[in-house]
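Okay, so here's the structure we're looking at.
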Amino acid sequence: MKGSTGHFLSVNLSDGSTNSFCPPIDYYSRFIGGAGFAARLFVERGNFETDPLAPDALLIFSLGPFAGLRLSGASRFSAAACSPLTGHWADSSCGGNFAPELKFAGFDGILISGKAEKPSVLVISDHTAKVETYPELWGLGVEKTTAALKHKFGKASKTLVIGPAGENLVKFACIINDGHSAFGRAGLGAVMGSKGLKAIVVRAKDRNFIVEDPIACRKLVSELNSRIKESVTLSVMRENGTAANLEGGVHLGDVPIRNFTSNFWEEMAEALTGSTLSEKYLKRRANCDFCSVACKRIVEITEGPFAIPKGPGPEYETIVSFGSLIGSMDLAATCKAGKMCNDLGMDTISCGATIAWALEAFENGDIGVEECDGLQLKWGDINTIINHLLPTIAEKRGGLGELLAGGSVAAARKTGSKTREYNVHAKGLEAPMHDPRGGGHGLALTYAVSHRGACHVSSPMLFMEMGACYYPEIGFDYELDPLSSENKAESAVLAMALGSLENSACLCQFADREITIPEWVALFNSVAGFNWEIHDMMKAGRRIFYLQRLMNHRYGLRAEDDKISSRLLTPAVDGAPEGIKIEFDKMKTKFYNLMDLDPETGIPSSKTLVDYNLETEADIILKG
Amino acid sequence: MEFWKDETEPIKAFIELFNRAKQDTELYEGLKKVNQLIWFDYTENGPNCSFYVDCRGGEVKVSPGKPDDQPDLTMSLSADDAHRSWSNKLNPVMAITRKKIRIKGSATGLLKLAPKLKKVATIYNVTLKDLGWESKIIS
């Protein structure tokens with residue numbers, strides 16, 4: 001199989017053994033890589049009855065066929081497992097520099113099981129791997145751990161590290177690559193922590209990358225890199241980061257404010273937007289391997305209560321999670337909060353959302369000073385959040401730490417029914433910082449039907465609704481009105497297939513927008529030799545979507561679980577979307593019809609399973 | 001051209017639009033923040049079909065034609081699509097995606113103006129009416 005090594009690394013931390021295995025060759029063309037491949041491997045080797053944090057739970061890292069290709073946006077990869085936050089199948093994606101290095105080291109991914117007796121590090125180099133014990137790293141933050149590993153294994157080595165939150169099994173703990181990029185969502189850092197695995201280090205001497213058609217591939221990659229570099233939208237992102245259009249988003253009503261209770265806050269828009277970050281704190285731009293977009297920020301704050309040394313800065317989700325969502329418009333504070341979350345190893349989205357839930361619960365008297373270990377919680381009090389709440393959560397300190405470390409949904413369940421009204425999620429995953437009421441009604445649908453829960457990268461729906469996609473070859477040649485349900489179900493059918501492709505090919509959602517559908521096919525063909533037509537590619541995307549649904553059915557999810565919190569379906573009280581209702585049920589019913597999903601079970605019919613060559617997988621999953 | 005008799009008409013309308021927008025404090029301050037020399041290039045509809053807005057140095061100047069200085073940003077599109085755009089009837093993101101609008105230079109300043117397009121459209125419609133071109137207003 002070209003574009004891939006054909007080898008996965010299998011690690012059993014209980015006995016420290018490492019082996020290489022070759023997944024069946026048909027997995028590559030049927031499930032591509034990344035999220036799709038990880039799902040198929042789990043079906044083959046995982047156990048649906050296992051607790052996500054039990055020793056025999058699987059944690060899978062999976063590359064796409066393009067990892068190692070010198071193409072902007074191609075250096076991402078997936079991590080997947082049963083999520084301790086949501087209790088069902090989930091994956092998360094990460095940019096940075098680990099994916100190409102792992103490919104060069106000879107592996108398409110890593111499958112981890114067992115639990116190490118002592119805190120350990122998985123060390124991978126050129127086709128070999130070993131588990132080494134490093135108890136001295138346990139308890140350290142991500143920054144110190146990463147520095148120690150770089151000191152030990154060389155600056156050129158690439159790292160995946162968990163922080164204290166992962167060690168303490170905080171349900172939204174994340175995994176950080178080289179101190180900057182994150183597998184943020186779904187709590188996979190806790191899965192790693194439950195295995196006693198503090199870090200993974202990889203170093204490769206080789207830089208070989210064998211593709212099916214080197215001449216065609218080189219020509220295509222060159223064209224795409226030029227286009228991506230010259231793209232207007234991506235140059236805006238290079239200039240001002242992923243928060244470049246935050247100000248515009250506020251005026252559309254897309255940016256959540258005070259736990260999604262408001263859709264407009266004019267003064268905040270300019271205070272938090274990407275150009276303000278550039279003007280005030282940007283020291284330089286940074287990029288994932290081989291990417292010319294360079295949307296990452298390196299910032300420094302030299303004075304004031306939120307001073308931080310030069311280092312990784314916040315992207316859009318973090319700025320909003322620790323800005324407007326918690327009622328603050330202090331940009332410096334979002335930098336500091338983001339840095340702390342990175343070091344503690346916590347997903348900034350779920351962490352910010354859980355804190356926003358707590359602020360609202362406190363304001364309404366559902367929790368008081370006693371439950372908050374003596375703290376007064378109030379909107380915009382970022383000092384208390386940074387100085388008390390973040391370490392309290394990461395260390396699961398006291399009653400408040402225990403309460404919030406389980407995420408907002410579990411916290412509401414423990415606290416009482418009224419506080420469930422303050423939850424903003426789908427399938428237990430806190431919503432990202434795009435409010436469908438302003439960002440686009442189709443987003444509500446894709447949040448709901450996404451296998452991992454409310455996730456803005458499970459599909460490109462946000463981009464489709466804003467007008468950033470034009471795919472006439474697959475029928476997406478029409479304009480969408482973000483504040484309407486018209487054509488949203490039809491678009492979501494395409495969006496979910498495209499999202500599955502993006503998350504399995506492990507391509508960046510921003511850079512992807514410059515790649516046409518025929519070029520996507522040409523990439524798969526010239527790199528991996530799939531010999532696809534457009535319909536083959538789209539079929540693979542939809543196959544992966546169906547597979548993930550089958551898996552979640554096995555975890556107990558049904559059609560009724562394809563929903564989002566009532567807050568997101570309540571018409572906005574201000575801003576551009578004020579008073580407009582999302583016709584959620586109408587969109588969902590149509591989507592189900594178009595996707596041939598059963599209105600009760602939520603899974604496709606037998607005929608569709610046959611059409612998408614999923615009979616074997618369905619047999620294993622459903623009859624297991 | 002669908003909306004214009006000749007290449008002079010759109011430039012007359014757009015320059016008048018900007019001169020009126022300058023009278024609005026919010027828009028004037030917004031334009032100053034852009035701090036760029038922008039050339040609106042509609043020359044696909046005629047060699048003289050263009051104008052520029054110079055927002056540099058805390059002032060806003062509007063003139064027909066191409067600027068002598070190198071523009072920080074050039075927006076190339078048809079005069080008809082420009083009319084749709086100032087009428088707030090053209091999704092700028094979609095227009096860029098479909099190559100209806102071609103941009104050279106940094107578009108960061110324009111992002112700051114995007115939220116104000118609704119207000120611009122209101123002024124534009126009044127401008128058209130005052131110029132006796134009510135029939136050109138897109139409902």
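Numbered from 1 within each chain, the chains take letters A, B, ... in sequence-line order.
- A salt bridge does not link Glu2(B) to Lys136(B): none of the charged side-chain nitrogens sits closer than 4.0 Å to a carboxylate oxygen.
- With a 4.5 angstrom heavy-atom cutoff, Asp477(A) touches chain B only via backbone atoms.
- For Glu239(A), the part lying near chain B is the side chain, with the backbone staying farther off; criterion is any non-hydrogen pair under 4.5 Å.
- Both the backbone and the side chain of Ala107(B) come within less than 4.5 Å of a heavy atom in chain A.
- In this structure, chain B has a heavy atom under 4.5 Å from the side chain of Glu270(A), while its backbone stays farther away.
- Closest approach of Glu44(B) and Arg102(B) over heavy atoms only: OE1-NH2, 3.0 Å.
- Listed here is the closest heavy atom pair of Gly438(A) and Asn263(A): N-ND2, 4.4 Å.
- With a 4.5 angstrom heavy-atom cutoff, Lys33(B) touches chain A only via side-chain atoms.
- Salt-bridge annotation for Glu26(B) and Lys116(B): present, with a side-chain N of the basic residue lying under 4.0 Å from a carboxylate O of the acidic one.
- Relative ring orientation between Phe14(B) and Trp4(B) is described as perpendicular, the plane-to-plane angle rising above 60° on a 0-90° scale split at 30° and 60°.
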